[in-house]
Every structure is written in structure tokens, then in C-alpha cells.
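In what follows, a structure is listed as C-alpha cells, so that the remarks can point back to it.
Not measured: the values here are computed from a predicted model. Note on naming: letters A, B, ... go to the chains in the order of the sequence lines (proteins, then strands), and numbering restarts at 1 for each one.
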2 protein chains.
Amino acid sequence: MAVTIKDVARLAGVSQSSVCRALADPARVRPETRDRVERAAHELDYHPNRVARSLITGRTLNIGVVLPDLANPFFPSVVKAIQTRARGFDYAVFLSDTDEDPALEVPAIRALAEQVDGFLLCSPRAADEELRSNAREKPIVVLNRRVTPFPSVTADSADGMRQAVAHLHALGHRSVAYVAGPRTSWSNRDRLRGLRAATAARGMDLVEAGNVAPTVDGGAAAADLVLATPATAVLAYNDLTALGLIQRFHARGVDVPGRISVVGFDDIHLAALVVPPLTTVAIAKEQIGRAGVDLLLASMAGRDSTGTARRVLPTQLIVRGSTGPAPV
Amino acid sequence: MAVTIKDVARLAGVSQSSVCRALADPARVRPETRDRVERAAHELDYHPNRVARSLITGRTLNIGVVLPDLANPFFPSVVKAIQTRARGFDYAVFLSDTDEDPALEVPAIRALAEQVDGFLLCSPRAADEELRSNAREKPIVVLNRRVTPFPSVTADSADGMRQAVAHLHALGHRSVAYVAGPRTSWSNRDRLRGLRAATAARGMDLVEAGNVAPTVDGGAAAADLVLATPATAVLAYNDLTALGLIQRFHARGVDVPGRISVVGFDDIHLAALVVPPLTTVAIAKEQIGRAGVDLLLASMAGRDSTGTARRVLPTQLIVRGSTGPAPV
DNA sequence: TTGAAAGCGGTACCAA
DNA sequence: TTGGTACCGCTTTCAA
């Protein structure tokens, strides 16, 4: 059996209450008492039980992270940052992977609700309304999406797309394709919106090639569709999709970037390792995680009254070998 | 405020105890009572508070997963499998990333100990003795390592190495190098052991090139060392390391597999996407996660008395473009 | 079969 | 400054 506060009280010869005070707020007990308690606690290697504590304080020191697919390298990066940041504040992290199934998100939130002080929802796929239905329970911060009235952390996709389009335009491309991600993905819509604006601003043609899964296979499936269009460059919803495109192009003997240029989004770690290395719009994944934790902590502390916080992080085009001059 | 058992009791016009019984073990109350309780519970959308329950039952329905680096794509695959499997048993998952720092593992375990029913330690880096010091607290299952007296799930590295060496031998290689991972990694020692046996069995030369971080950068750092040896093929501790090797070889204009063949370990998702695609020893990552959960559940249920369970999963060499005939 | 009451391990309030 | 005590939400004796 674990050592409890009673054991410490007995050994120190004081009451439970004093032990509690001595440990929580040393200033509120006599130095002598504090010493006795501390010595007893140390001797017994006593650590207050968080579960019991949370029952009365209502604070669990846990946060819940819900995300659609840990197999997408984007998310581990974010989760790692969340974990590290949370640990710094003595918070532990629950992880729930919903397998890209929007229907699993609300149950995932419900299941964790009593054990956490708040949620970080990464790229949630469920409808706004569904997410809002959980709003009263616990604070929620949304990453890679905006859902009123939750605080959010997003990337400046529009600017990223502007950079990518400027790059392609400078290379002589006048017709580009977009391989879209999940219809339920806010980032997808956001990126598409930015891309439309950017291409329109430069009078370029934009072909939209169907929605695919945000995976390598999804990209591979879209490759042939893209080749059937007049586009000389293709922007993918994310890097995995872009890698799928490149893979399929390679298999068909289509030269990248000779025949067609490819641009990804996210800058996952391995984007630089493929051949040709992938030109992509980088997002500060670690910052997303950190900012998410900070926002959540703030909103748990009730310091969110200044209005809904919205952090928009900058994006940065990373030019690598998968983009080149448009074919003549 | 959330709805509690009292609210249900009041609405149903029965005592707390009856509500508890009716919900936990319907057979122990009169059908009529059960109906009243069920209706009331349903109407109020009552869900028992797991935290409060765990305080008295001692079961949290949570498991803790501790791993060294989520940025290594191997781990997300395992975690995803763990998550999925755990959800099936109504368990939630705590995740703790220790950043390859052995000193963080025991604190991570301690921090979670009260909130979980058991631990899944993925490739722990801490010393056996340190890990054992936590043994009394909660059941532990170790993945990718063996630590007496914990149940474990490992891959059959020796057989994987045998397959890889047979493959290289058939291609004419007689001298191979091994780029080792962290000294603290059991898998690293296990793989090296298997490799030594396999090369010795065929009378091949084995050069061991220092220990590096199990990352792309680590591999890149080892590339030049490898080229300074007579080896015509190199086996890397894991795929990330192998990709780093290939990257650096590429940068130096060294042909893979023309001048040197490269073999990885793990078969991470993106191994197939690089050019040349990576020949690697595949591990059933999802099975590791699933088996881990199953073993942990068994040991939590106390069904572990038959002795320490050790599941060893098969490995499978996947031959791709990064290996070819030895240069003449 | 049911209800009352005692905890699980803490925290917080109140009176002393 | 300290100790006694109620209570967080639930489960589990123990009587009735």
C-alpha cells in the first residue's frame, strides 16, 4: 500500500491538516512543525495522491490531446512539443488517436473529460456544432483550425500559399493543380482558400483535383488525375500527399521537376530526404504545440476573458529540388 | 457541475447504493428498481466519475506509455496500435516522451504511477535496476527490450539480421559495417549480437562504426566513417540512421547501392519512399503495440503467474533498391 | 432487496 | 498556528 498523508501525520506527530499545509504552503505553519513534517514526508517518501487531490480541488493536472492520425508525421512533432511544454508545468498528457474518424472525436473527449483540466484538439474533423456541444465541460483549445468560441492556434496558410505561388510563378508556371485533403479538414479549406486567392492575384489557372486521404496513398491516387490536366505544377494538401504524388510520378517515369513541379505543406522531417527533396511550406510544429499548451493553461486559469485568443503562426516556404522551371 | 450519483438517486427515488448496484450489476436489484434507475440515469445523461471510482476500487482504467522519442516514426506506429487496442478495452492512454534521456524515465513513471493501472515501456533507456525499482508499484510490460522480471515483447532481431546477412552474402558482400545506436539501447545490443552471429556463421568481416544517435543526423555523421572502412555494405541500427547514411552518401556522390549497399531496421513508413528505396528488416510494429496491451492487461488481472511472458515477434527482410551486388 | 454509513486520500473550512 | 471535521463522487460492507 502506498504511503498516505495519515502515515506522515502519525510519524510527525501532527494532524493531517498540518501536514497538508506544511507541504502546500510552508509559510502557514510554524517552522518547527514544517521541519517535522518535511522530515517525516521525506523519510516515508510521501507523495500526495493526485487522484484523491483532484477529487476535491477539481484540478487534475492532466490535459487531453485528441488528434486524427498519429501515423501522419506532422502530429508526433506537435505532440512531442505539447508533452515537453506540459511537463514543464507539471501536467501529464492523455493521448487519443481517432483514426481520421470524425465520429470518434466527441466520444474521445467525453471519455477523458473527468480526468483532464482541458483539451487540445489537433485538426479535429468533427463539425463545429459537435465540438461546441462539449464546450461547457472543460476548456478547449483548437489547433490547426478555428472553431468559435474556442481559442485556436493556426498557421498562416494564406501567406504560405502566397509564397509558394510566387515561387512557381517566378519559375514560369501558369497553370497549377491542387490535390485536396479531407473535406472535413479545416486546414484543407484554409489552404485551398489561400491558394485560390494567390493564383487569382497572379492570373494563374488553378485546377482542383479531388479530395483524397491525407496520406501517401492518397497522393499516389491523385497523381494520374493531375497528369491529365494542363497543370505544370501541383500543390498538395500536405507533405504525405506530395510524397505520394512524387512516388507515383516516379513509377510512371514522369520527371519531377522536369515535367511537373511538386509542392508540399507542413515540412515533415523526411521531406528533405526524398529524391528530389520536397519543396514545401513549413509550419512551426513545435510552436503550435507550445502555444496550444500556453493558451490552454491560460484559459484554464480563467485568464481568457480578454476575448478568444487566436494565435496565427507564420509559415515559410522551403525551396528544395521538387520544384523547377516550367517545361516549355 | 456534472451530474452525480446523488442526482440519479434522487430522481429515481432510491438510495445511492441502489443506483450503484443497478448500474454495475443489474442482476442484484429488482427489475423495477433497475428500470427506474436506468431511466433516471439516461435522462440525466449520467456517467460515473472514473476518478472518484478509482479512488475506492484502485483501478483507473488508464495505462501509461513511456517512450524515448516520438519523433522517431517507429514509435507513433506502436503508440497508435496501443491506443487502438486500449480503447477496445475501455482504457485511456497517458503518453510520456522522455527525449532519449534515461534520467527522465523513472520520474515519468513515478509521476503517472497513481493514475494508471500499469505501464508500457517502449525501448526504455534506463538501467535494469532502475526500472526494477518501480516494479512493486504497478505492473510493467517492456517493449523492444527484456528486463527481468517484466513481461516483454521483442522482435526477433537475430533472425532479421540472419536474413539481411544472407541477402548481402548472396550479393557477394564479404565485409559489412554496423552503425550502432545508443549504447543504452537494448535493441542496439540485441541487433549487434544477432549481426555478429550471422556474419561469423558465414565467415564475413564485420566492422563496427561507433555509437550514434538513432536519428537521421546520427546516420549522416557515421557515413564518412563507414566509407573509410573496407566494407561494401552497411547495416544501420534503424531506418532513420540508414536514411542519414544514404543522404550523406548522396551528398558525397557515393553511389548506393553501386559503391555501397545500405540496410535499415524497423521498416518505417517512409523507408519505401526514399530513393533508392530502403532495404530493411521489418518489425510488426502494430503487433508490438497490441501484444503489449494484451500482456499488460493479463498481468494487471494477475494472470501472469505462469511465469514471465515473453513474446518474440518475427522479423522480415524487405528487399528494396538500397542493396545490390558488391562492387568488384 | 434495499438503505445507511464508512471509507478511498486528500483539501478546506471552522473553531479553538 | 493548529486540530477537528465535512466533503469531493463513488463503492462496499453491514444491517434491516
- Ignoring backbone atoms, establish whether A:Ser18 has a side-chain N or O less than 4.0 Å from OP1 or OP2 of D:dG3. yes
- side chain to side chain contact (heavy atoms under 4.5 Å, CB included), paired with B:Leu143, selected from B:Leu67, B:Leu121, B:Val78: B:Val78
- Under-4.0 Å salt bridge between A:Asp99 and B:Lys80: yes
- In whole angstroms, how far is the P atom of C:dA12 from the CG atom of A:Asp25? 11 Å
- Task: Note down the inter-axis angle between the two ends of the helix from C:dT1-D:dA16 to C:dA16-D:dT1, five pairs each, to the nearest 10°.
- Result: 50°
- Who pairs with A:Ser185 by side-chain contact (heavy atoms from CB on, under 4.5 Å), at least two apart in sequence or on another chain? A:Arg125, A:Pro182, A:Ser187, A:Asn188, A:Tyr237
- Task: Send over the distance from B:Leu23 CG to C:dT1 C1', rounded to a whole Å.
- Result: 17 Å
- Query: Reckon B:Val51 touches a base, only the sugar-phosphate, or nothing at all at heavy-atom distances under 4.0 Å?
  - Reply: nothing
- How far does CG of B:Asn49 sit from OG1 of B:Thr4, to the nearest 0.5 angstrom? 9.5 Å
- Task: Please say whether more than 12 non-hydrogen atoms of neighbouring residues, nucleotides or ligands are located less than 6.0 Å from CZ in B:Arg146.
- Result: yes
- Note on the structure: Rounded to whole Å, the CG-C1' distance (A:Leu55 to C:dG7) equals 12 Å
- Rounded to the nearest angstrom, tell me the gap between atom CZ in A:Arg34 and atom P in D:dT1. 11 Å
- Note on the structure: Between CZ of A:Arg10 and P of C:dG10 the distance, given in whole Å, is 13 Å
- Rounded to the nearest angstrom, tell me the gap between atom CD in B:Gln115 and atom C1' in C:dC8. 16 Å
- Considering non-hydrogen atoms only, spot the tightest contact between A:Asp69 and A:Phe75 and give its length. O-CD1, 3.1 Å
- Ion pair check, B:Glu32 and B:Arg36, cut-off under 4.0 Å: yes
- Task: Let me have a per-nucleotide readout for nucleotides 10-16 of chain D, 5' to 3', with B, S or -, counting only protein heavy atoms under 4.0 Å.
- Result: BBBB---
- Give a yes or no on whether B:Arg311 atom CZ has more than 12 heavy-atom contacts from other residues, nucleotides or ligands under 6.0 Å away. no
- Check whether any side-chain heavy atom of A:Phe94 lies under 4.5 Å from a side-chain heavy atom of A:Asn62, and answer yes or no. yes
